[in-house]
K.L.:
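Handing you a structure now.
The figures that follow rest on heavy atoms only: side chains count, while hydrogens, waters and symmetry mates do not.
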Amino acid sequence: MKELKFWQAINEAMHEEFARDDCVTLSGIDAGTPGGAFSASRGLLERFGPLRVRDTPISEAAIAGLGVGAAMNGLRPIVEIMFMDFLSLALEQLAGQGAKQHFMSTGRLRVPLTVRTMCAAGRNAGPQHAGSLETWVAHIPGLKVVWPSTPGDVKGLLKAAIRDDNPVIVIENLSLWTAKGPVGGEDHVIEIGKSEVKRAGRDVTLVCVGSMVQRALAAAGELSAEGIEVEVLDLRTVSPLDREGILASVARTHRLVIAHDAAKPFGFGAEVAAIVAEEALTELDAPIRRVTAPWAPLGTAPAQELAYYPGTEDLKAAVRSLLG
Amino acid sequence: MKELKFWQAINEAMHEEFARDDCVTLSGIDAGTPGGAFSASRGLLERFGPLRVRDTPISEAAIAGLGVGAAMNGLRPIVEIMFMDFLSLALEQLAGQGAKQHFMSTGRLRVPLTVRTMCAAGRNAGPQHAGSLETWVAHIPGLKVVWPSTPGDVKGLLKAAIRDDNPVIVIENLSLWTAKGPVGGEDHVIEIGKSEVKRAGRDVTLVCVGSMVQRALAAAGELSAEGIEVEVLDLRTVSPLDREGILASVARTHRLVIAHDAAKPFGFGAEVAAIVAEEALTELDAPIRRVTAPWAPLGTAPAQELAYYPGTEDLKAAVRSLLG
Amino acid sequence: MNIGHNAAPTREQLTSLYRTMLLIRRFEEQAVRLVNEQKMPGSTHTCIGQEAIAAGICGALRQGDQVLTTHRPHGHFIAMGVDLKALTAELMLKQTGINRGRCGSMHLVDPDHGILGANGVVGGGVPLAVGAAYAAQVRGSGQVIVTFFGDGASSQGGCHEAMNLASLWKLPVIFVCENNGYAEMTPSTAHISVSNIALRAPGYGMAGVHVDGNDILAISEVAAEAVRRARAGEGPTLIDCETLRMRGHFEGDPERYRPEGQKSEWQARDPIARLAAVLSKRFDVPADELEAIDRAATGAVADAARLADADPAATGRDILDFVYAGEAA
Amino acid sequence: MNIGHNAAPTREQLTSLYRTMLLIRRFEEQAVRLVNEQKMPGSTHTCIGQEAIAAGICGALRQGDQVLTTHRPHGHFIAMGVDLKALTAELMLKQTGINRGRCGSMHLVDPDHGILGANGVVGGGVPLAVGAAYAAQVRGSGQVIVTFFGDGASSQGGCHEAMNLASLWKLPVIFVCENNGYAEMTPSTAHISVSNIALRAPGYGMAGVHVDGNDILAISEVAAEAVRRARAGEGPTLIDCETLRMRGHFEGDPERYRPEGQKSEWQARDPIARLAAVLSKRFDVPADELEAIDRAATGAVADAARLADADPAATGRDILDFVYAGEAA
Ligand SMILES: Cc1ncc(C[n+]2csc(CCOP(=O)(O)OP(=O)(O)O)c2C)c(N)n1
Ligand SMILES: Cc1ncc(C[n+]2csc(CCOP(=O)(O)OP(=O)(O)O)c2C)c(N)n1
Ligand SMILES: [Mg+2]
Ligand SMILES: [Mg+2]
């Protein structure tokens, strides 16, 4: 299989879906002429023209509304909210409007919208630019939220999002931007709502998503040398969560660690833990552990960011603590 | 003790705090001249004048920003976001700006802001007007969120919010508006972050907040006749959650039900469940149960609303299911 | 019906507008009664006094065009030709309502009649309209999109963002402000910083018009020109329609905020009476023809209510349907 | 320093402005070098070419007034008199920085020097400024609040909401748009629907002025009048300052979007050179005095960098401090 960088996989997914369906469009800040603030939309404007590929003003509410409204009137738009923090500005149009159109119209309206947004954690982007705020949208019925961890996954999940008839938020880690990996062809579409075991293991299930998967795999590799076999379960989709996948893995390992870059309270770790506490309590041989950012905004300095986000050592310590 | 209706208790709390501290102000849609769309600010304008009590445009972002900015420059403002759904429009100013000022300024700025907002669940207000969206703000470090269940509690918690040097969101159930109850005097301030056992019981802990407390107490009363003693734990504060209070109650009952009107995934039920699964797993004699709204927007019709929100029967069934 | 830019309106065109306005008026009057009889739960916002705006603007549209409206939507729905019975049934929260009782008055939506939705969120529909207009532009569908919003809604950030974007991209959208003097209990002077919202149009490089919202002739002319511009790719128009909400914000509102004499003053500007006068004086329409139109309107709304009343209330059985598209309903 | 409304500026006043502008220029030039030397992690946005705006507006303020700014904040911080060493240390993410390395360039905040914050969120500070101005009004503090924002930020809904509210309430706030031709890589013509943002002022019933952002004399005059109005309770002013960002959006930006000749054309409008010409021609300030000012500026920023560079990097130890006020830090 061909190898691509993460951003190239995004770019290829959009090129393919634009070519496949005339109704696919892209709007966002710097999305058109500059080819994206981080190059992900390179070549789209030249190839598909200025009607379908467009720079927008810095108006996150209108960008989201543009996407929802266009989707209600026959397009299959992609819109960009540059950083996930700015979902705060778009939330009414996404959660209050877009998520409810199909429901309110009793099925007569559809909102086949894709919202691409980046997470800038790990780049010294500071307190207002590096948030992990998937909870805001994952809590909302009518929306779906995916968070790919590899070039192959971002291609497959972004294509799935574009083809989905519902509003799907796709979160892209800037820290993975130049990570390379094998990428499937035109038909490579990954089912939304299904997790993937990225590494199998019998001792502890480590649930994670996005850029955390790399840290989890690193931890699993190092722990393996100590004789501890960690199963790394990449959720891929944050909403709806893959209950079966989570429960099946816990049924194999009987121990559960969940790791994310968001703050602990009300993060997806809570939801995963609650699902297991409801449905598989007796499977557990140890308390559930969450490894997350602390209850604080993020500082900009490298040492502050390092101390803030869970690292490989934190994951290893959490896993070990369950086997104590 | 004097008895007041819920809205009168809100009104009295504001009157007292306005009189106590010249820096307290109130801004919101219809907050001034009309005395509040639902009368809660009655008499404030007449007594404290049009500078301190003010009608605003329908501009939720600016209302929130007004509060944060005024708090940064020496006031102790109260602002209103009429319904909790519209927090979506104010979220950047609250979560992106207000929550981080103290942190970013390394302690030199403070944001002693109170945000009053209503939950209109149970009033046929429909899909965009009756949301329970406490998760949006409860996930954010730097913010606090309280949700009172009685006239006495709303007075004590609102006063605590006003006196707190941090942004506090106070959620008020419209369905409780005319509920009567005893209300404390001027010094009646309830500590933020502490839950209260509203009814003691040995068999099952039922965690809830706001208007759910009434349903929980009704269920507990009925179950008591069946010989099942439910402990109703009113969280009072949704963020930060009272870990000690939750764990202490579970240590007494060994069984846990959490009930809320928000959708299940990423609701506070998940967080409460996760805390217990992390810290008191071995205390549990049964799986944790969550009783919540379904994964759907809300319909307007009475029967739809009835089917949507957890009722007393749902709570009873959940409790019974743990006692097999 | 499309009143041409310069062409004087015909007798037929004006009679048709009169019919629409009366239908709205009688529908709303009946809604007031039904609310009082507790047959319409939830809050109901009527548009009595504002009928000319709905009739005039929607009257300038053609099949395929789309409208987004507000929490005060009945007039727009009727002007777009929705089924009166299904509309009434929805307001009565019946299973047979347009939206199966899910939406009630405030969240109504009927794409089959070109209405992408009322809105429970003030200003919520304005960005959506710009999106729909963008789709029209990309698809070359020739559609024009209208978004109604109140004076209160003009203070929403989303309206500003949407107007800037629509003007930049020359989208086929018309922004219609129903400037009816109040947002809930607060007079416009206390919540908007200009006397009419059209004054904001130059700040977006956009065409702006201020029009007497109770003058159907003026509105129709302004609407026709705005539609022409939109369809010709000349971009959006911002229309401020000066009017007065003649009833409470919602049914039950004690209206303590009204200055004395305000309503009777505006009664003299009643849009329906004014059009009746034009029809009889300028077009010699006999009084009994006008009365027949009124009787028909009264009959139509009463029939709708009678039928809707007999229908079953919405149940809790299907509340999980249509959460996601592409799933079994 | 406060240049009176009609009074012509004095030699001292202009020399002081010249000093400020040069300090900003030399600071930014040094920042470019430090970024290239990887001594300033994160993104750094410089304001070279825009110094007159910061100097002229902040120069019209007095002790106690407050400023909210943007992700391009260095000029405003320097014009407000912050400590150069602490500022440099913050940009270098040192423990000794104004914000202990928490904020870096984009989120800087220094209330002790009247700055309620840069902002990582475009337009994020504008509603806050209105809030601060409301506090000034309620407290009768006599403060004036200035909010700087970019042409790009003008498209944020929050700016619109804030302006409407400020005008309605006649708040002592000044909205200063640094209209520098671009938002990131997108030219203003592609993201704002008017040539200058002051054209929006009439839509808010607000005073609006368009000014040459590279002409310190003009800016100072406009600023003085806006401050006078604010302080007199006459309400806000919206000032559009036409300028050009002379470097990339961030340091490292390849600037492919620049039309040919643009920079050299604007070089001729350089605000510092223009003021130097005024000082020497109109006030006979000798060349060596101007050079001395430059040398002093260069020396001051170099000293700041040298000292800051020697300071310890911010650590991860205190990342949980100051999450909530009133808790042990
Ligand atoms: C975002 C938002 N804020 C507040 C409300 C509550 N609300 C409902 S209608 C209304 C007044 C709207 O005024 P206007 O836009 O002038 O419309 P009108 O009612 O006069 O037709 C308000 C404040 C709401 N529905 N949405
Ligand atoms: C709400 C928001 N959207 C997007 C961004 C990303 N961003 C940072 S600076 C910038 C351009 C700002 O342009 P302008 O307001 O003109 O200021 P300038 O950089 O020209 O000084 C953008 C889009 C952001 N920080 N905040
Ligand atoms: Mg109105
Ligand atoms: Mg700019």
K.L.:
Is it the backbone or the side chain of A:I140 that comes under 4.5 Å from a heavy atom of chain B, or both, or neither?
P.N.:
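Contact with chain B: backbone and side chain both.
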
K.L.:
With a 4.5 angstrom heavy-atom cut-off, could you sort out which part of A:F268 is near chain B: side chain, backbone, both or neither?
P.N.:
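A:F268 touches chain B through backbone and side-chain heavy atoms alike.
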
K.L.:
Output the donor-acceptor atom pairs between chain B and chain A under 3.5 Å, with atom names and distances to 0.1 Å.
P.N.:
unit_1 : atom_1 : unit_2 : atom_2 : d
B:S88  : OG     : A:E92  : OE1    : 2.6
B:E92  : OE1    : A:S88  : OG     : 2.6
B:G96  : O      : A:Q128 : NE2    : 2.9
B:Q97  : OE1    : A:Q128 : NE2    : 3.3
B:K100 : NZ     : A:P127 : O      : 2.9
B:P127 : O      : A:K100 : NZ     : 2.9
B:Q128 : NE2    : A:G96  : O      : 3.0
B:Q128 : NE2    : A:Q97  : OE1    : 3.3
B:W136 : O      : A:W136 : NE1    : 2.9
B:W136 : NE1    : A:W136 : O      : 2.9
B:H139 : ND1    : A:P265 : O      : 2.6
B:P265 : O      : A:H139 : ND1    : 2.6
B:F266 : N      : A:E271 : OE1    : 2.9
B:E271 : OE1    : A:F266 : N      : 2.9
B:E271 : OE1    : A:R290 : NH1    : 2.9
B:E271 : OE2    : A:R290 : NH1    : 3.4
B:E271 : OE2    : A:R290 : NH2    : 3.0
B:A277 : O      : A:I288 : N      : 3.1
B:E278 : OE1    : A:R290 : NH2    : 3.2
B:E278 : OE2    : A:R290 : N      : 3.1
B:E278 : OE2    : A:R290 : NE     : 3.1
B:I288 : N      : A:A277 : O      : 3.1
B:R290 : N      : A:E278 : OE2    : 3.1
B:R290 : NE     : A:E278 : OE2    : 3.1
B:R290 : NH1    : A:E271 : OE1    : 2.9
B:R290 : NH1    : A:E271 : OE2    : 3.4
B:R290 : NH2    : A:E271 : OE2    : 3.0
B:R290 : NH2    : A:E278 : OE1    : 3.2

K.L.:
Sort out for me which of B:A270, B:P297, B:G131 touches chain A most, counting heavy-atom pairs under 4.5 Å.
P.N.:
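Among the listed options, the one with the most contacts to chain A is B:P297.
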
K.L.:
With side chains defined as the heavy atoms from C-beta onward, is the minimum distance between A:F266 and B:F266 less than 4.5 Å?
P.N.:
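A:F266 vs B:F266: side chains apart.
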
K.L.:
Let me know if B:L281 has heavy atoms under 4.5 Å from chain A in its side chain, its backbone, both or neither.
P.N.:
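Interface part for B:L281: side chain.
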
K.L.:
Could you walk me through whether B:L91 and A:L87 satisfy the side chain to side chain contact (heavy atoms under 4.5 Å, CB included) test, starting with their C-alpha distance in whole Å, then the side-chain angles of each, then the deciding distance to 0.1 Å, before giving a yes or no?
P.N.:
CA-CA 9 Å; B:L91 202 56; A:L87 284 175; over 6 Å; no

K.L.:
For A:A277, which atoms come within 4.5 Å of any heavy atom of chain B: side chain, backbone, both, or neither?
P.N.:
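Contact with chain B: backbone and side chain both.
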
K.L.:
Does any backbone or side-chain atom of A:V257 lie under 4.5 Å from a heavy atom of chain B? Answer side chain, backbone, both or neither.
P.N.:
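Neither part; nothing is under 4.5 Å.
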
K.L.:
Sort A:A280 into side chain, backbone, both or neither according to what part of it lies under 4.5 angstrom from a heavy atom of chain B.
P.N.:
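Nothing of A:A280, per the 4.5 Å heavy-atom cut-off to chain B.
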
K.L.:
If you count heavy-atom pairs under 4.5 Å between each of A:A99, A:A263, A:G269, A:G299 and chain B, which one has the most?
P.N.:
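Answer, by heavy-atom pair count under 4.5 Å with chain B: A:A263.
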
K.L.:
Among A:A262, A:G126, A:A90, A:P127, who wins on heavy-atom pairs under 4.5 Å with chain B?
P.N.:
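Highest number of pairs under 4.5 Å: A:P127.
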
K.L.:
By a 4.5 Å heavy-atom criterion (distance strictly below it), what part of A:I275 contacts chain B: side chain, backbone, both, or neither?
P.N.:
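Both parts, heavy atoms under 4.5 Å.
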
K.L.:
Go through B:G142, B:A95, B:G267 and name the one with the most non-hydrogen pairs under 4.5 angstrom from chain A.
P.N.:
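The answer is B:G267.
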
K.L.:
If you compare all heavy atoms of B:A273 against all heavy atoms of A:A274, which two are closest, and at what distance to 0.1 Å?
P.N.:
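For B:A273 versus A:A274, the nearest heavy atoms are CB-CB, 3.7 Å.
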
K.L.:
By a 4.5 Å heavy-atom criterion (distance strictly below it), what part of A:L298 contacts chain B: side chain, backbone, both, or neither?
P.N.:
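It is the backbone, since no side chain atom gets that close.
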
